[in-house]
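Working notes, structure below.
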Amino acid sequence: MAATTVLAAELCAPGPPRTGWIAVQDGLIQEVGEDRCPNGALDLGDCVLAPGFIDLQINGVADVDFSTATPEQWVRACDVLAQHGVTAICPTFVTAPLATYDDMLTNADVARKAAVADPSAPAIVGVHLEGPFLGGAPGAHPIELLRAADADWLAQQVHAHPDLVRIVTLAPEADPDFATIRMLHTAGVLIALGHSTASYDVAVAATDAGASLVTHLFNGMGPLHHREPGLAGAALDDDRLTPTLIADLVHVHAAALRLAIARKPNIALVSDAVATSDGNAGRDAVWMPDGRLAGATALLDRAVANVVGLGIAIERAITMASTIPAALLGLHDRGRIVAGARADLVALDATSLAVRSTWIAGAQVGHRSPI
């Protein structure tokens, strides 16, 4: 197939937006230019062309819960995500009985393979297990199902589902000797600290043992206190830790978002989106009957727009939604607009930042027409 050239008013590759063009062939970016655009280019007009968004923590979308989704529901959910500029996900399974995880992981693996067979579907790049090995800040997780970390059980899941379990959120107090953290680190699984009231010193010790992420900073953890910074303080202070943030403007106050983003250059945005029922339709977040937050409804396109609305540069917001998640997962062919990368792209309206178009491996979502 001959290469197709696309011209955009602004490219975020990442870096400050600049006028540029890309040549795409066979699902890959072949060339990126800023000088005179070749004749016959597809002009995207007044938009920002960015790498596709990668969501490290998403439990569901619309009415689809990934923990119980049928194959048809996986397809429908992924279609919705692609419409919002999301080109890769880590479907997230929250606390449940141990006996149920094998089926959830098996179903996710089937969906992952189906997505590979459809190059225009968002990639399922691994599963995120958020629980049940949580601690003193369970949030919406059922307390009766929380338990101490079980290294043998997790090792069995990692072995039974090769390359599928990519992130595990656990609380340091559930793994006091850090044996599970060390095992997961050796196995190449990303360990996120979360749903925890661990002290600053314990959080740093867990980082020494191999933890590298902090799940949804400020949510599901003890408060940041000036004499006991806790997990939130460690996330902001220790450069080895990458905090994730929910930027729906409900889970975290705008001022706290600005402070965290100003302090940490390696923050990643996540949606923490969950399936919604009729009672939560149209709301910015999902609430439990007792008033606890259960998750978000805004996807990463809204998170990017919200962050930019706080005065953060657009290139920084895109980096948090794409480049940093790709690097964390070792996806060196994504998260950047450079020669050799997959043509996973999102075109955003230059003013509203609404998604105009999404391409996955060069196929335009919805129209399925290659570029």
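If you're wondering where the values come from, they're calculated on a predicted model, not measured in any experiment.
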- Message: Is there a side-chain contact between Met320 and Val304 in this structure, where contact means two heavy atoms from C-beta onward sitting under 4.5 Å apart?
- Response: no
- Item | Trp74 side, atom CH2; Asp79 side, atom CG - distance, nearest 0.5 Å | 13.5 Å
- Message: Test side-chain hydrogen bond (donor to acceptor under 3.5 Å, both in side chains) on Asp65 and Asn59; report intermediate values, then the result.
- Response: CA-CA 6 Å; Asp65 185 329; Asn59 309 274; over 6 Å; no
- Message: A side-chain contact here means heavy atoms from C-beta on lying under 4.5 Å apart; do Ser357 and Val365 qualify?
- Response: no
- Measure the spacing between CG of Leu231 and OG1 of Thr207 and express it to the nearest 0.5 Å. 8.0 Å
- Query: Hey, what do you get for CG (Asp175) to CD1 (Ile181), rounding to the nearest 0.5 Å?
  - Reply: 5.0 Å
- Message: Looking at every heavy atom in both Pro51 and Val346, which two are closest together, and how far apart are they?
- Response: O-CG1, 3.6 Å
Would you list the atom pairs, donor with acceptor, under 3.5 Å between side chains in residues 123-135 and any protein atom, with sequence neighbours excluded?
from, atom 1, to, atom 2, distance (Å)
His128, ND1, Leu56, O, 3.0
His128, NE2, Thr169, OG1, 2.7
Glu130, OE1, Gln57, NE2, 3.0
Glu130, OE2, Gln57, NE2, 3.3
Glu130, OE2, His195, NE2, 2.8
Glu130, OE2, His216, NE2, 3.2

- Asp102 atom CG, over 12 foreign heavy atoms within 6.0 Å: yes
- Of all heavy-atom pairs linking Ala140 and Arg292, the shortest is CA-NH1, 3.9 Å
- Ala268 to Leu328 - nearest heavy-atom pair and separation: CB-CD1, 4.5 Å
- Modelled atom types, side-chain donor and acceptor of Asp201 and Ser199, under 3.5 Å: no
- Less than 4.0 Å between a side-chain N and a carboxylate O, is that true for Arg112 and Asp109? yes
- Please round to the nearest 0.5 Å and tell me the distance separating atom OG1 of Thr106 and atom NE2 of His161. 4.5 Å
- Please indicate whether His225 has more than 12 foreign heavy atoms, meaning atoms of other residues, nucleotides or ligands, lying under 6.0 Å from its NE2. yes
- Is it true that atom CZ of Arg342 has more than 12 heavy atoms of other residues, nucleotides or ligands lying nearer than 6.0 Å? yes
For residues 184-193, tabulate all N or O donor-acceptor pairs below 3.5 Å that involve a side-chain atom, not counting sequence neighbours.
from, atom 1, to, atom 2, distance (Å)
Thr186, OG1, Arg182, O, 3.0

- Item | Electrostatic pair Asp239:Arg263 at N-O distance under 4.0 angstrom | yes
- Item | Minimum heavy-atom distance Val24-Gly362, with the two atoms named | CG1-CA, 4.4 Å
- Transitively linked via ILVMFWY side-chain contacts under 4.5 Å: Leu146 with Met104? no
- Task: Take atom CZ of Arg76 as the centre, draw a 6.0 Å sphere, and report whether it contains more than 12 heavy atoms from other residues, nucleotides or ligands.
- Result: yes
